[in-house]
There are 2 protein chains.
Amino acid sequence: MYCGGVVRTKDPAVRTLLIERAAQMLRARDPVTLRSLVAGTGVSTMAVYTYFGGMDGLWRAMRQEGFSRLATLLDGVPLSADPVRDLAALGAAYLSNALANPDLYRVMFDAGFELEDPAAADETLHSLVRAIDRAKDAGRFRAEVDAVSLATQTWTVGHGLVSLVATGPLPRPALGHGVTILTALFISCGDEPGRCRDSVEDGWQV
Amino acid sequence: MYCGGVVRTKDPAVRTLLIERAAQMLRARDPVTLRSLVAGTGVSTMAVYTYFGGMDGLWRAMRQEGFSRLATLLDGVPLSADPVRDLAALGAAYLSNALANPDLYRVMFDAGFELEDPAAADETLHSLVRAIDRAKDAGRFRAEVDAVSLATQTWTVGHGLVSLVATGPLPRPALGHGVTILTALFISCGDEPGRCRDSVEDGWQV
DNA sequence: CTTCATAACATAGCATTGCTATGTATTGTG
DNA sequence: CACAATACATAGCAATGCTATGTTATGAAG
């Protein structure tokens, strides 16, 4: 029997080109439609189906890209000797990124779509988990604190804030509530109240 | 001079019929399109433009309806002698409602649209504010606690949780994080830790 | 009661959407 | 070289929201 051979290979550059262009159009608030996406790129509408299987696949890839960029950004946040400060700084970076690219952020959490790689969401938490582990090592948080749970809780607070501010009814100064909530949360993990407040306020630069 | 007269009045029943039907279709996961919405109702597509000015207006009305129903639901939550428990119960009711009608909830917080009545969002907070005031009266929270701020913070936590669970990557048991976060938050308002935890756990029936 | 301007409503059609069917070009393997 | 499998281009389809146009109903003015 003939097992067939790969004859013509997809060009990965086209894939990244389309993703890049879609991200650009999102930023510019231009509606990302099949035809407007490929217009001017030289590639035909079929390319979207060859590379993504359709518009749904494009959005899935965009979501993946968003999580990937977010993880990179969080990895690049400069750390200090104060892990609690760093934890707040990571939350602030998360918020800044989401507010700078609100449309991409919305796509990332749009309903009806699942991630290509479900682990990508967890990946986002790794930076937070590392900071929490450092806080435990430094004696700021109790040893019984579950790092993943606390990271998830921190994420929940950040996501709630950014959702209500970026596309919701809360004004931008409401971001300051993050300090209050996170401080309360970190104190409940064993941090000394006064010091915790200072650390969170120091890291929370939105 | 001729001042003109209103000749044919809009039928309010048609308006509520369309909103009701749209909500029904959302619940049934049927795509709500202009034609599918009016199909079988006897009204023509133009009705949507007469009553709402277009599909955008329909979504705006849906959002308003969602907030209205939410306020009614929160008003109906039975209260107890424990205001902190009630506060958690209100949060839990908020979550239950959102998870029971995830599509309507998503519409409520969709981007690009503003509310017809911006006060409707604040209205949702009134039940929370009342519970917080009762907690202050009962000596559970410090007098300096700003009720609206704390209500907003509670809302932020609830919204973050429900967003990540209903349409996001977190599994449903993650709702339990609400207990941890809210307990920490309420303790920071002056409540006694052990008692606070009991109250929140008692009220948090999701 | 008659008139008639105005609003409510129905119909048809437009541009655009995502998608698919069909045909053509390309390229590595046997 | 020959062929099969894939990438790519074109054209067209059903469905979308919306608008232009025509028709009907209604209540106030005379």
Side-chain angles (χ1 to χ4, degrees), chain A residues 1-26 28-63 103 106-107 110-114, chain B residues 1-26 28-63 103 106-107 110-114:
Chain A
M1 77 193 218
Y2 180 76
C3 291
V6 170
V7 194
R8 218 177 157 186
T9 60
K10 293 191 213 177
D11 183 0
V14 174
R15 194 174 198 276
T16 63
L17 171 96
L18 289 177
I19 290 182
E20 202 65 42
R21 182 168 161 80
Q24 227 171 331
M25 296 178 72
L26 271 182
R29 295 279 200 289
D30 287 331
V32 179
T33 70
L34 175 63
R35 287 171 177 79
S36 70
L37 178 65
V38 301
T41 64
V43 307
S44 81
T45 58
M46 274 305 291
V48 174
Y49 291 84
T50 300
Y51 290 92
F52 303 101
M55 288 303 281
D56 281 16
L58 174 75
W59 295 122
R60 239 190 319 272
M62 293 295 295
R63 191 158 30 249
D103 300 274
R106 185 148 32 86
V107 168
D110 252 353
F113 301 105
E114 54 290 332
Chain B
M1 77 190 219
Y2 180 76
C3 291
V6 169
V7 195
R8 216 175 159 188
T9 60
K10 294 190 210 177
D11 184 359
V14 173
R15 194 174 198 275
T16 63
L17 171 94
L18 289 177
I19 290 182
E20 203 67 42
R21 183 168 161 81
Q24 225 171 331
M25 296 178 72
L26 271 182
R29 294 278 199 289
D30 288 330
V32 179
T33 70
L34 175 62
R35 286 171 175 79
S36 71
L37 177 64
V38 302
T41 64
V43 307
S44 82
T45 59
M46 273 305 292
V48 174
Y49 291 84
T50 301
Y51 289 92
F52 303 101
M55 288 303 281
D56 281 16
L58 174 76
W59 296 122
R60 238 189 322 271
M62 294 294 295
R63 191 156 32 248
D103 300 274
R106 183 149 32 86
V107 168
D110 253 353
F113 300 106
E114 54 291 332

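Heavy atoms only: backbone and side chains are in, while hydrogens, waters and symmetry mates are out. The chains referred to below are lettered A, B, ... by the order of the sequence lines, with proteins before strands, and numbering in each begins at 1.
Distances from the side chain of A:M46 to the nucleotides C:dT11, D:dT10, C:dC9 place D:dT10 closest. When the nucleotides D:dC8, C:dC9, C:dT17 are ranked by their closest atom to the side chain of A:T33, C:dT17 comes out on top. Taking only side-chain atoms of A:Y49, from C-beta outward, the nucleotide of D:dT16, C:dT20, D:dC8 with the closest atom is C:dT20. For A:R35, counting side-chain heavy atoms from C-beta on, the closest listed nucleotide (C:dC14, C:dG18, D:dA9) is C:dG18. Taking the side chain of B:L34 as heavy atoms from C-beta on, and the options D:dG17, C:dT17, C:dC9, the nearest nucleotide is D:dG17.
A:M46 is linked by a side-chain contact (heavy atoms from CB on, under 4.5 Å) to A:S44, A:Y49, counting only residues two or more places apart in sequence or in another chain. By the side-chain hydrogen bond (donor to acceptor under 3.5 Å, both in side chains) test, A:T41 pairs with no residue at all, sequence neighbours left out. Looking at residues two or more places apart in sequence or on another chain, you find no side-chain hydrogen bond (donor to acceptor under 3.5 Å, both in side chains) involving B:Q24. Under the rule for a side-chain hydrogen bond (donor to acceptor under 3.5 Å, both in side chains), A:T16 has no partner lying at least two apart in sequence or in another chain. Every side-chain contact (heavy atoms from CB on, under 4.5 Å) that A:T45 has, sequence neighbours left out, goes to A:L34, A:R35, A:V38.
Computed from coordinates, the A:L58 CG to C:dT17 P distance equals 14 Å when rounded to whole Å. Taking atom CE of B:M55 as the reference point, atom P of D:dA15 lies 16 Å away to the nearest angstrom. The separation between B:R15 atom CZ and C:dC9 atom C1' is 18 Å, rounded to whole Å. Between the CG atom of B:L17 and the P atom of C:dC9 there is a distance of 12 Å, rounded to whole Å. Taking atom OH on A:Y51 and atom C1' on C:dC19, their separation rounds to 19 Å, with Å as the unit. Here D:dT19 presents its P atom at 11 Å from CG of B:D56, a figure rounded to the nearest Å.
Across all non-hydrogen atoms, the minimal contact from A:M25 to A:S36 is CE-OG, 3.4 Å.
Expressed to the nearest 0.5 Å, how far CZ of B:R15 lies from CD of B:E20 amounts to 12.5 Å.
Non-hydrogen atoms lying under 4.0 Å from DNA chain C are contributed by nothing in residues 36-44 of chain A.
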